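First up is the structure itself, then whatever we jot down about it.
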Amino acid sequence: NEKFGNDYSDFPDIWLIKTDSQGNLIWEKTYGGSKSDYGYSVVQSTDGGFVVTGSTNKSEDFTKYLFILKTDSFGQEEWFKTYDSDEWSESTRNGLGYSIFEQNGDYIVLGRHEPYSLNEKFLSIKFNYQGEIVWKKVFDSGRLTDGIKLKNGGFLMTGYHDNSNSSIYLPISEDGNRLGGRTYQGGTVFVPLSIREDYFNTNEGRPIEVIGYNSLNSNDVTVKKLDGSFSSFFERSFPEPSTELGKSSFTNYGGGLVIFGENSEIGKRRQIWLFGTDPNFKYPNK
């Protein structure tokens, strides 16, 4: 924050960066107020600008509110809107937007909200191009960790629930209505952090690929593949490096995976890392 002249250097700001295709900086901007502001997801709007969602503190009680920020194509702020208890069917203590998608000039945000009962719930909201709420849907209890737009329409949210040791997969339609889903409950130790469709594997009907960690086994990075009913038909864990979290992945041209994550060994600073696997999801030469 000090780099950008923010007098409140103890509090983070939203940071938006644009680069060219080689990663060279074109511009960078920060946004937010005097409290903590976090940007979790960004999408390009139809007019060439950008729309960011996340959470912001706008009061002394450090309550988090879901926000939507709209910029022009140069990153200049056009509007910044927050949504508090007046917009919800029940009082909200924390609201966070985790994923945002453009939909015919409007925006779909997937996130979570935490009522005063401390029972977090999955959340989906549709906003128009001016940031006004079109509809809002609140779903089962759980802490959302990722949400994606499916190629055949609709969206998929994933997350977990600490109290029941459960992992959750919840699909919704383009109108925000629930379309079934699955919860693995009781004794489940897999925590999903990132999901995506496997576009390269059409023979298996575009399975869902999940990256997460096994909380009973040193937080080992774990890869799962789920079929159309969200049943796991493939799973592999990676014991190296130790005490790591898998955050994202993509398929490389050889058919294997490149997995991004975080290594947080005790007594050491956190490190960003990545590793590649062969087509059988094994370390090469091992």
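Bear in mind that the values here come from a model prediction, so they are computed numbers and not experimental data.
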With side chains defined as the heavy atoms from C-beta onward, is the minimum distance between [X] and [Y] less than 4.5 Å?
X: Thr158; Y: Leu193; answer: no
X: Leu110; Y: Phe122; answer: no
X: Phe67; Y: Val52; answer: yes
X: Pro207; Y: Phe234; answer: no
X: Ile172; Y: Lys137; answer: no
X: Pro12; Y: Tyr38; answer: yes
X: Tyr184; Y: Ser231; answer: yes
X: Leu170; Y: Arg178; answer: yes

Q: Could you give me the CA-CA distance, side-chain angles and deciding distance for Ser237 and Thr222, then say whether side chain to side chain donor-acceptor pair (under 3.5 Å) is met?
A: CA-CA 4 Å; Ser237 294; Thr222 300; 2.8 Å; yes
Checking the side chain of [X] only, and the main-chain atoms of [Y] only, is there a donor and an acceptor separated by less than 3.5 Å?
X: Gln44; Y: Gly48; value: yes
X: Glu209; Y: Ile211; value: no
X: Ser99; Y: Gly147; value: yes
X: Asp146; Y: Ile195; value: yes

Joint hydrophobic cluster, [X] plus [Y], side-chain heavy atoms closer than 4.5 Å:
X: Ile208; Y: Leu179; result: no
X: Phe50; Y: Leu25; result: no
X: Ile133; Y: Trp79; result: yes

Any idea which heavy atoms bring [X] and [Y] closest together, and the distance?
X: Ile168; Y: Gly142; value: CD1-CA, 4.0 Å
X: Leu123; Y: Met157; value: O-SD, 3.8 Å
X: Tyr31; Y: Gly75; value: OH-O, 2.6 Å
X: Ser232; Y: Leu226; value: CA-CD2, 3.7 Å
X: Pro192; Y: Val210; value: CB-CG1, 3.6 Å
X: Glu77; Y: Leu69; value: CG-CD1, 3.5 Å

**Q.** Thr71/Phe80 under side-chain contact (heavy atoms from CB on, under 4.5 Å): CA gap, chis, key distance, verdict
**A.** CA-CA 9 Å; Thr71 79; Phe80 189 110; over 6 Å; no
From [atom1] ([X]) to [atom2] ([Y]), nearest 0.5 Å:
X: Thr56; Y: Ile68; atom1: OG1; atom2: CD1; answer: 13.0 Å
X: Leu96; Y: Arg143; atom1: CG; atom2: CZ; answer: 8.5 Å
X: Phe230; Y: Ser167; atom1: CZ; atom2: OG; answer: 12.0 Å
X: Glu174; Y: Lys126; atom1: CD; atom2: NZ; answer: 8.5 Å
X: Lys29; Y: Ile14; atom1: NZ; atom2: CD1; answer: 14.5 Å
X: Thr30; Y: Trp15; atom1: OG1; atom2: CH2; answer: 9.5 Å

(Q) Going by ring pair (Phe, Tyr, Trp, His ring centres under 6.0 Å), name the pairs with one or both residues in residues 124-159, residues two or more places apart or in two chains. (A) Tyr83-Phe127, Phe101-Phe155
(Q) Between Asp37 and Lys64 (salt bridge meaning N to carboxylate O under 4.0 Å), is one present in this structure? (A) no
Q: Measure from NZ or CZ of Lys224 to the centre of the six-membered ring of Phe190, then state whether that distance is under 6.0 Å and the direction lies within 45° of the axis.
A: yes
**Q.** Distance-only donor-acceptor check, side chains Ser229 and Asp227, under 3.5 Å
**A.** yes
Q.
Could you walk me through whether Ser45 and Asp47 satisfy the side chain to side chain donor-acceptor pair (under 3.5 Å) test, starting with their C-alpha distance in whole Å, then the side-chain angles of each, then the deciding distance to 0.1 Å, before giving a yes or no?
A. CA-CA 5 Å; Ser45 57; Asp47 63 3; 2.4 Å; yes
Q) Would you say Phe74 has more than 12 foreign heavy atoms packed within less than 6.0 Å of its CZ? A) no
Q: Tell me, please, which residues at least two apart from Asn128 pass side-chain contact (heavy atoms from CB on, under 4.5 Å).
A: Asp106, Gln130, Glu132, Val134
**Q.** Counterpart residues, side-chain contact (heavy atoms from CB on, under 4.5 Å), relative to Ser73 (two or more places apart)
**A.** none
Q) Would Leu16 and Lys18 count as a side-chain contact (heavy atoms from CB on, under 4.5 Å) if you check the C-alpha gap in whole Å, the side-chain angles of each, and the deciding distance to 0.1 Å? A) CA-CA 7 Å; Leu16 184 62; Lys18 183 175 182 179; over 6 Å; no
Q. Can you list the steps and then say if Glu78 with Lys70 is a salt bridge (Lys or Arg N to Asp or Glu O under 4.0 Å)?
A. CA-CA 6 Å; Glu78 294 183 344; Lys70 173 69 170 61; 2.9 Å; yes
Q) What do the steps show when you test Val51 against Val42 for side-chain contact (heavy atoms from CB on, under 4.5 Å), and what is the final call? A) CA-CA 6 Å; Val51 186; Val42 61; over 6 Å; no
Q | Leu66/Tyr40 under side-chain contact (heavy atoms from CB on, under 4.5 Å): CA gap, chis, key distance, verdict | A | CA-CA 11 Å; Leu66 186 149; Tyr40 290 113; over 6 Å; no
